[in-house]
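Read through the structure below, which is laid out as structure tokens, and then see the notes.
Since this is a predicted model, take the numbers as computed values, not measurements. Only this structure's heavy atoms are used, side chains among them; waters, hydrogens and symmetry mates stay out.
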Amino acid sequence: MKNQEIAKIFYDIARFLEIDGVAFKPYAYQKAAASLEGLKDDVAQLYIKGGRKALEEIPAIGKAMSDHIEEYLKTGKVKFYEEFKKSLPVNMDELLRVEGLGPKKIKVLYQKLGIKNIKDLEKAVKKHQIAPLFGFGETTEKNIIQGIEFVKQNKGRVLLQEILPIAREVLEKLENLKEVQKASLAGSLRRRKETIGDVDFLVVSSPEASSPSAKKNSEKVMDFFVALPGVKKIWGKGGTKASVHMAQGFDMDLRVVPAKSYGAALQYFTGSQAHNIATRKMAIDKGLKLSEYGVFSGSKMIAGKTEQEVYKSIGLPYIEPELREDTGEITAALGGSLPALIELKDIKGDLHCHSNWNGGEHSIEVMAKTAMERGYEYIGISDHSKTLKIENGLNEGQLLKQHEAIKKINAKFLASGQKFRVLHGVEADILKDGSIDIKNEVLAKLDYVIASVHLNTKMEKRQMMARIEKAMKNPNVDIIAHPTGRIVNQRDEYQIDFDTMLKLAKETGTILEINSSARLDLRDLYIRRAKQEGIKMIINTDSHHKDQMVFMEYGVAQARRGWAEKKDIINTLSVEELLEYF
DNA sequence: GCCGTTTTCGGCCCGACTGTTTTCAGTCG
């Protein structure tokens, strides 16, 4: 989709305008960019169908913005933007990653020293050219040196799966301090974004000790935080706010607030920024002021202790963190149509699990036991099929043997009075021509069939869609696994047309998977569209190891970000209902 | 540059911390 490309251009233009000291326009461009990012429809399609009028109906897009969009769709360029780039030909994205450098400092560095990228910056630092510049200084130069070092080792945004466990460990340490009353994760981590820039913590410190000589409790929390193992650099540390860089390559921020402001602060630090702006505007419309300290009517505080009361005071019901992106949640909240988001406890089983019959680590029994321990009613074993040689995929004969083995395991469960059940499926390959690599008479014997694309992924869109269409139309195929093929931070989606995919899924009753691994595929916007079309989805972990079954949490989070409810997700059904569905 | 159950003109979210230009701009979230 062109949406993201154009959004990027608008963000860049906003920065250029900011550098030039233009008032308010940067904000307009940022809003337009954010609006495009959150747009469910392909802007190119909108333009083809509805022309400029359709473009101007997009929130925050007016005449000038639709000029730019139209120009980009036609020529692949935006002149207004190209002019800016010529006047300041620097690698802005790269330089901005250096902590402490913003657009304005970058402009000075280019004009005075011709610095265009981090390499140039490094040279200038070595020659000690930065400190003497007007507006800079010794400390800034030192900070830049460290900033460069961290950019080099930094992976950029980190996967949710990698960072959440680390953040929870730190949270537990904070909670265990006697100076801490309450602590919470905030920021994009609390919203469960698929990648995380930095980790935010919010803390209420205990009431102050009576002794005047005692260091304030909030300060003690700060001291503890900046001394955590793994802290490589303290970006800043004040009375209520501290920021550090970790050895693992990401930043962590901590804020301490009074108990009476906890809800307002949590609401604020959870974001997103766009959601905050929208809620603050609602407060203003009611003659109130919303900040991280509370909701104020004049100087009188009317709410702040809990998030619930903060939302209530500005006329809204509680909004779940995963929805707070200003992509319609406020309108839905006002209209009483917020979704009842699916929860982890709704999940009754995991149908995409691999055993050691193919590339998995553990026996079917061990996988089943793990599922039982997670409180599931069933597990589905869906090993790879013969095309995937690297995973030791199973052929027809092996699948039939496995079928008998699973029957025996289930008989054992039955004999011991356990309700738990192992379902037998397969993750079969969709071949280049759309046929499935396992014979239909064998597929028909299984409880369910997952089909997925693993090879020949670089096909052009028409061919790829014909391939998927044929697979979906196979009456034995129930589920398409990782439907778009993307892997977060690694690989873009295949050339697919998601609208067509939805149409086909509807026609054929095919279930789309939300894969909980690093793929996180479907992505949140797609989940939301699938839900709107009434397409059923399933949240699976694609576990090749028993310990990966905990990834279910991330798939559920992704589903929640896509506004999915229990009724949209079929592995919330009981085993009888599920088999009936298949 | 966009937008409007007050408005088609006059607004645009709000605050902490740092470093340096010593009163506030720049950066960050």
(request) Could you pick out which residue, Glu138(A) or Lys241(A), lies toward the 5' side of DNA chain B when each is mapped onto its nearest nucleotide? (result) Lys241(A)
(message) Determine whether a donor-acceptor pair (N or O, by modelled atom type, separation under 3.5 Å) exists between the side chain of Ser188(A) and the backbone of Arg191(A).
(response) no
(request) With P as the reference atom in both, quote the distance from dC2(B) to dT6(B) in angstrom, rounded to an integer. (result) 24 Å
(request) Output the residues of residues 278-293 of chain A in contact with DNA chain B, where contact means a heavy atom of the residue under 4.0 Å from an atom of the strand; sort by number or write none. (result) Arg280(A), Lys281(A), Ile284(A), Lys289(A), Leu290(A), Ser291(A), Glu292(A), Tyr293(A)
(message) For a quick check of understanding: with a heavy-atom distance under 4.0 Å over all strands, which category does Pro59(A) fall into, base, sugar-phosphate or nothing?
(response) sugar-phosphate
(request) In plain terms, say whether Lys193(A) and Asp524(A) are close enough for a salt bridge, that is, a side-chain N and a carboxylate O under 4.0 Å apart. (result) no
(request) Answer with yes or no whether the side chains of His275(A) and Glu325(A) bring together a donor and an acceptor at under 3.5 Å. (result) no
(request) Quick one: pull up CD in Glu175(A) and CZ in Phe201(A) and give me the separation to the nearest 0.5 Å. (result) 10.0 Å
(message) Between Glu307(A) and Arg190(A), does any NZ, NE, NH1 or NH2 come within less than 4.0 Å of an OD or OE carboxylate oxygen?
(response) yes
(message) Work out how far the C1' atom of dC9(B) is from that of dA16(B), and round it to whole angstrom.
(response) 34 Å
(message) So that I can tick it off, tell me whether Arg486(A) and Glu493(A) are bridged by a salt bridge, with the cut-off set at under 4.0 angstrom between side-chain N and carboxylate O.
(response) no
(request) Using the C1' atoms only, state how far dG26(B) lies from dT20(B), rounded to an integer number of Å. (result) 11 Å
(message) Applying a 4.0 Å non-hydrogen cut-off, can you work out what Tyr29(A) is touching in the nucleic acid: base, sugar-phosphate, or nothing?
(response) sugar-phosphate
(message) If you assign Ile277(A) and Gly239(A) each to the DNA chain B nucleotide with the nearest heavy atom, which residue ends up on the more 5' nucleotide?
(response) Ile277(A)
(request) In whole angstrom, give me the gap between the P atoms of dC28(B) and dT23(B). (result) 25 Å
(message) Is it the case that the ring center of Tyr81(A) lies less than 6.0 angstrom away from the ring center of Phe84(A)?
(response) no
(message) Cation-pi check for Tyr110(A) against Lys116(A): NZ or CZ below 6.0 Å from the six-membered ring centre and within 45 degrees of the axis, yes or no?
(response) no
(message) By the 4.0 Å heavy-atom rule, please label Thr240(A) as base, sugar-phosphate, or nothing.
(response) sugar-phosphate
(request) Residues of residues 105-130 of chain A with any non-hydrogen atom less than 4.0 angstrom from an atom of DNA chain B: list those, numerically ordered, please. (result) Lys105(A)
(request) Measure across Val310(A) and Gly263(A) and return the closest heavy-atom pair with its distance rounded to 0.1 Å. (result) CG2-C, 4.1 Å
(request) Using a heavy-atom cut-off of under 4.0 Å over every strand shown, decide if Gly271(A) touches base, sugar-phosphate, or nothing. (result) nothing
(message) Please report the distance separating the P of dC13(B) from the corresponding atom of dC17(B), rounded so that it comes out in whole Å.
(response) 23 Å
(request) Quick one: label Lys104(A) by what it contacts on the DNA or RNA (base, sugar-phosphate, nothing), any heavy atom closer than 4.0 Å. (result) sugar-phosphate
(message) With a 3.5 Å limit on both atom pairs, tell me what dG19(B) is paired to, counting Watson-Crick and G-U wobble, or say none.
(response) dC24(B)
(request) Take atom C1' in dT7(B) and the same atom in dG11(B), then report the distance between them in whole Å. (result) 10 Å
(message) Check Arg15(A) with Asp93(A), please: is the shortest side-chain N to carboxylate O separation under 4.0 Å?
(response) yes
(message) Mind checking if Glu18(A) touches a base, just sugar-phosphate, or nothing, with heavy atoms under 4.0 Å?
(response) nothing
(request) Determine the interatomic distance between P on dT21(B) and the same-named atom on dT27(B); round to the nearest Å. (result) 14 Å
(message) Students should find this one: the first and last nucleotides of DNA chain B, 5' to 3', lying under 4.0 Å from a heavy atom of chain A. What are they?
(response) dG1(B) to dG29(B)
(message) Does Gly135(A) reach a base, just sugar-phosphate, or nothing at all? Heavy atoms under 4.0 Å.
(response) base
(request) Determine whether more than 12 heavy atoms belonging to other residues, nucleotides or ligands lie under 6.0 Å from atom CD of Glu169(A). (result) no
(request) Can you tell me, in whole Å, how much space there is between the C1' of dG29(B) and that of dT22(B)? (result) 27 Å
(message) Under 4.0 Å between a side-chain nitrogen and a carboxylate oxygen: does that hold for Arg52(A) and Glu70(A)?
(response) yes
(message) Minimum heavy-atom separation for Gly187(A) and Asp200(A), please, with both atom names.
(response) CA-OD2, 3.5 Å
